[in-house]
Amino acid sequence: MKITPGLIWIGWITLVTLVFYLSLAMHTAILRGRHKVMAPAAAGHPDFDLATRIHANTLEYLVPFLVALWMCAVFYEPLPAAILGIVWLFGRVIYVFGYWSAPPRRQPGFILAMFALILLLILTGYGLFRMGLVMGV
């Protein structure tokens with residue numbers, strides 16, 4: 001595989017996404033200790049419950065996002081995949097801050113991130129179809 005500037009962007013987006021996810025995990029762990037929610041308990045103080053839900057929801061979408069991001073970069077084009085990766089990450093940040101301020105305010109960030117994820121999947125499918133035609137598969 002030839003490394004291009006677009007793939008460098010994909011690498012940076014992946015790294016930032018993982019740091020973002022780990023920061024949510026650390027925040028949840030800090031709140032677990034601060035509010036004395038002893039493991040294996042998964043609920044306790046409302047702040048801890050909220051942080052846990054935000055962290056878990058981010059994990060639920062992390063794997064599909066990362067797979068779609070890299071597949072789109074490889075089978076379609078890296079630069080559009082990178083742009084959609086930035087949109088997804090921006091949507092997740094909006095989601096987190098919206099959820100922290102008031103749970104119903106999480107929706108705009110969720111919609112933006114989901115839009116980017118769906119486009120990544122569509123472009124991946126298109127790229128695979130296009131490559132299949134060229135290669136006769």
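Atom set for the values below is all heavy atoms of this structure, side chains included, hydrogens, waters and symmetry mates excluded.
Using cut-offs of 30° and 60° for the angle between ring planes, the Y126 and Y76 rings count as perpendicular. Taking the six-membered ring where the residue is Trp, H55 and Y21 present parallel rings, their angle staying beneath 30° rather than reaching 60°.
Environment of CH2 in W9: sparse, with no more than 12 heavy atoms of neighbouring residues, nucleotides or ligands closer than 6.0 Å. Within a 6.0 Å sphere centred on CZ of R130, heavy atoms belonging to other residues, nucleotides or ligands number more than 12.
A donor-acceptor contact closer than 3.5 angstrom is absent between the side chains of Y99 and N57.
A pairwise comparison of heavy atoms in D49 and G44 identifies OD1-N, 2.8 Å as the closest pair. A pairwise comparison of heavy atoms in L7 and A73 identifies CD2-CB, 4.0 Å as the closest pair. The shortest heavy-atom contact between A82 and G6 is CB-O, 4.4 Å. Annotation for L117 and A68: closest pair CD1-CB, 3.9 Å, computed over non-hydrogen atoms.
Put simply, the side chain of T14 reaches to within 4.5 Å of the side chain of W70, judged on heavy atoms. Contact check for Y95 versus Q107: no side-chain heavy atoms found under the 4.5 Å cut-off. L50 places a side-chain heavy atom less than 4.5 Å from the side chain of P103. No side-chain heavy atom of L89 sits under 4.5 Å from any side-chain heavy atom of F65.
For the ring pair (Phe, Tyr, Trp, His ring centres under 6.0 Å) test, no residue two or more places apart in sequence or in another chain qualifies with W12.
The residue from V74, L69, V67 that alone fulfils the side chain to side chain contact (heavy atoms under 4.5 Å, CB included) condition with M71 is V67.
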